[in-house]
Amino acid sequence: MKTYMTPEEHARLHRRRARQTLGLLIAVLALVGIVTVVRAGVKGVATLFDDTQQKAEYEDRLEGLVLFDPLPFDGIENINDLTLREAAVWGCVYSIQETQGGFDNYNTDPDTEQLLLPSVDVDAYLAKLVGPSFKLTHRSFEMDDMTIEFDETTQCYKIPVTGSVGIFRATVTRLFKKDGLLHVTVGYIPTQSSDDSILNNLSDTPTKYMDYLFSRQSGSWYLTGLTDSETKPESADSAASAAEPAPLAESEVNDAILATAGDSAAASAVADEAAPVEGAAESTPAESTEAPSESPAA
């Protein structure tokens with residue numbers, strides 16, 4: 001029996017299918033939207049807790065100080081004056097090299113070919129580190145193996161041509177806040193071997209850690225102190241002991257001795273049992289040789 005649809009029913013069927021299709025499309029778009037929102041949220045949370053860029057920024061800011069291994073201090077005004085000058089000048093030199101790739105934009109002394117580093121660049125570097133309110137009086141100063149001359153006329157430091165300076169390089173391992181201060185934990189990686197004869201770039205393992213303390217001023221963090229860190233390097237003794245086998249307990253030693261004694265006793269017993277057999281084997285040929293000698297006598 002054939003079933004016929006009226007035009008009204010046929011129109012209603014088309015409208016129903018259109019609504020179903022539209023509903024499915026809306027459901028798919030809603031699902032895609034939910035997935036997108038969740039992924040964006042996860043990415044946002046990951047970005048919120050990812051401080052890799054901040055660590056890199058603090059490494060650049062502290063590189064000059066870490067080079068010369070400053071002593072702990074409380075308040076930037078209490079830092080060693082020579083250390084601060086070394087850090088300001090050489091930290092500025094390293095920063096220029098990192099950000100600009102070289103010193104093509106800087107002049108050199110026509111007689112000595114030394115780099116002429118403007119004092120305003122040193123001030124800018126220090127302002128980022130300790131704050132714009134700190135002012136350094138520029139003058140020449142002596143280092144262990146060189147003199148950094150300041151030219152009053154040009155207001156520039158004359159930087160000698162040298163391969164490298166400093167004994168450490170910085171790696172920031174942790175950022176955390178405590179008692180209103182930002183603690184930047186810095187690992188000190190040696191740049192030279194123990195006898196200071198050759199560069200040692202093969203190891204990235206810090207030999208010690210220090211916490212650089214930053215206080216918040218006018219919305220920015222500036223260096224205000226240096227203290228020993230709670231983070232400690234892995235000692236060579238502990239690494240060596242970890243590689244060595246653990247000593248046996250007393251009970252294990254006794255068991256080993258008894259086992260050895262048991263093996264020795266078993267070996268002795270086997271030897272004792274084997275001895276008569278060997279003797280018998282030796283006597284048999286002797287008896288067989290004597291029999292023919294008695295036969296002629298008979």
Side-chain angles (χ1 to χ4, degrees), residues 56-170 172 184 186 188 190-192 196 199 210 212-226:
E57 291 175 356
Y58 279 102
E59 283 181 9
D60 293 339
R61 293 171 68 179
L62 294 170
E63 189 72 43
L65 277 174
V66 175
L67 283 171
F68 302 101
D69 190 16
L71 296 173
F73 60 89
D74 183 13
I76 195 63
E77 68 279 359
N78 296 320
I79 190 174
N80 179 271
D81 182 74
L82 175 59
T83 301
L84 181 61
R85 293 182 185 278
E86 290 174 332
V89 171
W90 288 105
C92 183
V93 169
Y94 276 67
S95 178
I96 293 171
Q97 193 169 17
E98 287 291 327
T99 57
Q100 302 183 27
F103 307 97
D104 295 337
N105 298 326
Y106 290 81
N107 297 323
T108 57
D109 186 274
D111 298 325
T112 63
E113 297 186 352
Q114 293 177 328
L115 172 68
L116 297 179
L117 181 65
S119 60
V120 291
D121 286 14
V122 178
D123 289 334
Y125 175 81
L126 273 180
K128 291 175 58 179
L129 179 63
V130 299
S133 60
F134 185 86
K135 300 300 180 183
L136 179 69
T137 303
H138 297 288
R139 58 178 175 80
S140 303
F141 59 92
E142 297 282 340
M143 296 178 62
D144 290 339
D145 54 354
M146 69 182 74
T147 299
I148 305 299
E149 182 183 350
F150 181 71
D151 189 338
E152 293 286 350
T153 304
T154 61
Q155 290 291 296
C156 289
Y157 286 97
K158 294 182 179 181
I159 308 301
V161 178
T162 179
S164 63
V165 295
I167 56 177
F168 292 103
R169 59 186 176 92
V172 175
V184 180
V186 178
Y188 283 56
T191 59
Q192 295 178 322
D196 296 336
L199 291 179
M210 299 292 287
Y212 285 81
L213 310 180
F214 288 76
S215 61
R216 196 171 183 84
Q217 304 172 25
S218 303
S220 299
W221 295 95
Y222 296 112
L223 181 65
T224 187
L226 173 64

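Remember, predicted model here, so these are calculated numbers, not experimental data. Side-chain atoms are counted along with the backbone in the values below, which use heavy atoms only and exclude waters and symmetry mates.
- Side-chain rings of Y222 and F134 stay apart, their centers remaining 6.0 Å or farther from each other.
- A 6.0 Å sphere centred on CD of E98 holds no more than 12 heavy atoms belonging to other residues, nucleotides or ligands.
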Legend entry - ring-ring contact (aromatic ring centres under 6.0 Å, His included) between Y212 and Y58, worked out: CA-CA 10 Å; Y212 285 81; Y58 279 102; over 10 Å; no
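- Minimum interatomic distance between L223 and F73 (heavy atoms only, all atoms of both residues): CD2-CZ, 4.1 Å.
- Counting heavy atoms from C-beta outward, F68 and L82 have side chains that stay 4.5 Å or more apart.
- R61 places a side-chain N or O within donor-acceptor distance of the main-chain N or O of K128, the cut-off being under 3.5 Å.
- With a 6.0 Å radius and a threshold of 12 heavy atoms from other residues, nucleotides or ligands, D74 has its CG atom at or below the threshold.
- Between Y188 and F168, the ring planes are perpendicular. Angles over 60° get that label, and only those under 30° would be called parallel.
- Rounding to the nearest 0.5 Å gives a distance of 10.0 Å between CG of L126 and CZ of R85.
- Atom CD1 of I148 and atom CE of M143 lie 5.5 Å apart (nearest 0.5 Å).
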Indicate every side-chain donor-acceptor pair of residues 112-124 with a distance under 3.5 Å to a residue at least two apart or in another chain.
| from | atom 1 | to | atom 2 | distance (Å) |
| --- | --- | --- | --- | --- |
| T112 | OG1 | D109 | OD1 | 3.2 |
| T112 | OG1 | Q114 | N | 3.4 |
| T112 | OG1 | Q114 | OE1 | 3.3 |
| S119 | OG | Q155 | O | 3.3 |
| D121 | OD2 | Y106 | OH | 2.6 |
| D123 | OD1 | H138 | NE2 | 2.8 |
| D123 | OD2 | H138 | NE2 | 3.3 |

Inset, instruction - Kindly indicate, with the supporting measurements, whether the criterion side chain to side chain contact (heavy atoms under 4.5 Å, CB included) is fulfilled by L129 and L65. - result: CA-CA 10 Å; L129 179 63; L65 277 174; 4.1 Å; yes
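- Minimum heavy-atom separation, M210 to P72: CE-CG, 3.9 Å.
- Between Q97 and F103 the shortest heavy-atom distance is CB-CZ, 4.1 Å.
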Legend entry - side chain to side chain contact (heavy atoms under 4.5 Å, CB included) assessment of T224 paired with I76: CA-CA 5 Å; T224 187; I76 195 63; 5.8 Å; no
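- Shown here for N105 and Q100, the closest heavy-atom pair between the two residues is ND2-OE1, 3.5 Å.
- Look at R139 and D81 and you find a salt bridge, because one of the NZ, NE, NH1 or NH2 atoms lies within 4.0 Å of a carboxylate O, short of that distance.
- P160 approaches M146 most closely through the heavy-atom pair CG-SD, 4.0 Å.
- Listed for the Y157 side chain is no donor-acceptor partner under 3.5 Å among the backbone atoms of S140.
- Here the CG atom belonging to L67 is positioned 9.5 Å from the CD1 atom belonging to I167, to the nearest 0.5 angstrom.
- Counting heavy-atom neighbours within 6.0 Å of K158 NZ, excluding the residue itself, gives a total above 12.
- Here the CG-CG distance, from L71 to N80, works out to 7.0 Å after rounding to the nearest 0.5 Å.
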